[in-house]
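First up is the structure itself, then whatever we jot down about it.
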Amino acid sequence: MRHLISPLDLTTDELKNLLQLAQEIERNPDKFKHACDGKTLATLFYEPSTRTRLSHEAAMLNLGGNIMGFSSADSSSAAKGESVSDTIQTIACYADIAAMRHPKEGSSYVASRKSPIPIINAGDGGHQHPTQTLTDLLTILNLKGRLDNMTIGVCGDLKFGRTVHSLINAMVRYTGIKFVLISPEELRIPSYVREDVLDKNNTPYEEVVRLEDALPKLDILYMTRVQKERFFNEEEYLRMKDFYVLNKEKMKLAKDDMYVLHPLPRVNEISVEVDEDPRAAYFRQVQYGVYVRMALILTLLDIHVD
Ligand code: CP
């Protein structure tokens, strides 16, 4: 039984195969349109989502499978106090694979321990978001032609940003990767990422506050939103929310082949005028998220298409 709880659940070889499969799906989607005939994906979303839930559902539908699920805790028996362990043992009677998003860190892991079907962690609190990382890696690979030897700037809410934590976990395994961590003091990367991941893997990084100082040296800029839902204090959120705004003027400081990624949703951190810039890759990233989730579903269900 395979689950995807952390990006590290896949070895670099498995990741390479999965990304190659996603590229093959992009080139030849018709070949895969009956690969999951008779299979069902359940989406168990205890937290809001647009892309992650719908891209998993699109992925299963594109593979010929079926979908079911709930999109808020209130519309499930979680509202009556049911545990994720009991829920997943129930869902396994209806579905072959499940994608789960939950506000509490570790929830997908807890569910996976009792689950007779593969669990995909679709985001657990401020901890990890591995399918976003698969999306990010496919985007970087398609745009740059490689996953090694580059400088990646991650900007915004590095404290609570699960997409950033997962991306760093995945990228430290490639050679020649440097990180520039761009955040206000209050939203610095947590020590469990700085020390246990970056330092432990001898990955070079610097921490800066000003985006303008970092931009000229980056090959990838990964922008993130300051997440209102993770703040306990509204005043603190209001003080932080517009700390970074990437606009046309700042893009002039970047290399011609520096791509801008963002897991989305965006609020104000990328001005809409940047969307016209050919280096703005965040909507292409959304499309790649469907191909890579198709590849993930096939991999976890151990389905091979000749
Ligand atoms: N990137 C991402 O997780 O988006 P959603 O919150 O819309 O799923």
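Reckoned from all heavy atoms, side chains included, excluding hydrogens, waters and symmetry mates. Counting starts at 1 for both ligands and their atoms, following the listed order. The first residue in the sequence is number 1, and the count goes up from there.
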>> Pairs of nitrogen or oxygen atoms closer than 3.5 Å, one from Thr52 and one from ligand 1: do any exist?
In response: yes
> With only distance considered, is Pro265 within less than 3.5 Å of ligand 1 through an N or O on each side?
Replying inline: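 No: no nitrogen or oxygen of Pro265 is under 3.5 Å from one in ligand 1.
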> Do Val305 and Glu24 have side-chain heavy atoms sitting under 4.5 Å apart?
Replying inline: no
> Can you find a non-hydrogen atom of Arg101 under 4.0 Å from ligand 1?
Replying inline: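 Yes, that is the case, since the closest heavy atom of the residue is under 4.0 Å from the ligand.
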>> List ligand 1 atoms under 4.0 Å from Leu264, heavy atoms only on the residue side.
In response: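 Result: 1 (N), 2 (C), 4 (O).
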> Which of the numbered atoms in ligand 1 are below 4.0 angstrom from a heavy atom of Thr50?
Replying inline: 5 (P), 7 (O), 8 (O)
> Going by an N to O cut-off under 4.0 Å, is there a salt bridge joining Glu207 and Arg188?
Replying inline: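 Salt bridge: yes.
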> If you measure from the Lys or Arg side-chain nitrogens to the Asp or Glu carboxylate oxygens, is any gap between Glu206 and Lys178 under 4.0 Å?
Replying inline: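 Looking at Lys178 together with Glu206, the answer is no, because their closest N to O distance does not fall below 4.0 Å.
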>> For atom 1 (N) of ligand 1, what's the nearest protein heavy-atom neighbour? Residue, atom name and distance, please.
In response: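 Checking every protein heavy atom, the shortest distance to atom 1 (N) of ligand 1 gives Pro263 O, 2.8 Å.
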> Going by atom types only, do Arg284 and Thr139 share a side-chain donor-acceptor pair under 3.5 Å?
Replying inline: no
> Do the side-chain N and O atoms of Glu273 and Asn247 include a donor-acceptor pair separated by under 3.5 angstrom?
Replying inline: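 There is no such pair (donor and acceptor under 3.5 Å, judged by atom type) between the side chains of Glu273 and Asn247.
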